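A quick write-up on the structure given underneath.
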Amino acid sequence: MNIYFEKCHQRGFGTYPLKAGELKAAIETALDVGYRAFDTAQMYENEADTGQALLEGGVARDELCITSKVHPDNYAEAQFLPSVEASLKALKIDQLDVLLLHWPPIGGDVAPSLRLLQKAHAAGMARNIGVSNYTARMMHEAKAISEVPLVTNQVEFHPLLDQRALLAAATETGIPLSSYASVARGEVFKHAIFGEIGATYGKSAAQIALRWILQKGVPLNTMSTKPENIRANFEIMDFTLSSIDMDRIDAMTHTGYRIITPGMLPWVPEWD
């Protein structure tokens, strides 16, 4: 079972690439709308701004689910735990709800960084641990290596990308997926089908795409600075897509649109 569903945090608010006042305003709106799950990372360089905004937001800490991710540059033994300590200090919390490895290591040997991630868990720095941007093969390797259950593999997941291999690996390994780039950074809006389906439900194209993801059993992160979009992205629990409409959207995964491609960053693996 995905902990984001267990905790009713299946609709998370992503903070990349927001900083400073823009981030503060977005988080204020998100909290007011009802978001309680927030996603940041060392790589985003906004943990301090995120922590301050959440502190000032007035929501009790035990109602929040805060996820952050370790930068691959900090996968060395001497840097890993100090970097997590710095994240906690920046976020103004004693413990993360979820701590992820942001990317597979260069070279593909996942064992050393996974062992360091487990050390962070053992030290009480995170209640839960997981990974991000792992391939299906890496998910199986991680399952075999980690003595602590991995609660998610956060990946690019949207209706324009076929991620059946990762969904199968999630079932096989028990490592659930979670989604970033949930509307493909706006690319879904170029396809009329989402608006057409939305019209039958009284919902927007974005809400249809997001609802499809949830019905795939994948919790999601969305980001916007527009209050109306922040609210709309949250209001996706009051309808259910029919099996026919799910199948129509499934067909769109053959579009094969991928945002994060090999070579874009040094840590990007060869995808499934």
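The structure presented is a predicted model; accordingly, all values stated were derived computationally and were not measured.
Screening residues 55-102 for ring-ring contact (aromatic ring centres under 6.0 Å, His included), with sequence neighbours left out, gives Y44-H102, H71-W267. Evaluation of the side chain to side chain donor-acceptor pair (under 3.5 Å) test over residues 105-117, restricted to residues two or more places apart or in two chains, returns none.
You'll find the side chain of M223 stays beyond 4.5 Å of the side chain of T15, heavy atoms only.
Classification of the F38-Y35 ring pair by plane angle, with boundaries at 30° and 60°, yields tilted.
The closest side-chain donor-acceptor pair between T40 and E47, if any, does not fall under 3.5 angstrom. For D245 and Y201, the side-chain atoms include at least one donor-acceptor pair closer than 3.5 Å. In summary, the side chains of S178 and T152 do present a donor paired with an acceptor at a separation below 3.5 Å, with no hydrogens or angles considered.
No more than 12 heavy atoms of other residues, nucleotides or ligands shown are found within 6.0 angstrom of OH on Y16. The neighbour count for K226 NZ, taken as heavy atoms of other residues, nucleotides or ligands under 6.0 Å away, does not exceed 12. The local environment of CG in D94 is sparse, with at most 12 non-hydrogen atoms from other residues, nucleotides or ligands closer than 6.0 Å. The environment of CD in E228 is crowded: more than 12 heavy-atom neighbours from other residues, nucleotides or ligands sit within 6.0 Å.
For L167 against K216, the heavy-atom pair with the smallest separation is CD2-O, 4.3 Å. For the residue pair S179 and S182, the shortest heavy atom distance occurs at OG-OG, 2.9 Å. Of all the heavy atoms in I208 and F239, the pair that sits closest is CD1-CE1, 3.8 Å.
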Side-chain donor-acceptor contacts of residues 54-67 below 3.5 Å, not counting sequence neighbours, with atom names and distances?
| from | atom 1 | to | atom 2 | distance (Å) |
| --- | --- | --- | --- | --- |
| E56 | OE2 | Q52 | NE2 | 2.6 |
| R61 | NH1 | L64 | O | 3.3 |
| R61 | NH1 | D97 | OD2 | 3.0 |
| R61 | NH2 | Q95 | O | 2.8 |
| R61 | NH2 | D97 | OD2 | 2.9 |
| T67 | OG1 | Y4 | OH | 2.8 |

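Rounding to the nearest 0.5 Å gives a distance of 10.0 Å between CG of L18 and CG of D49.
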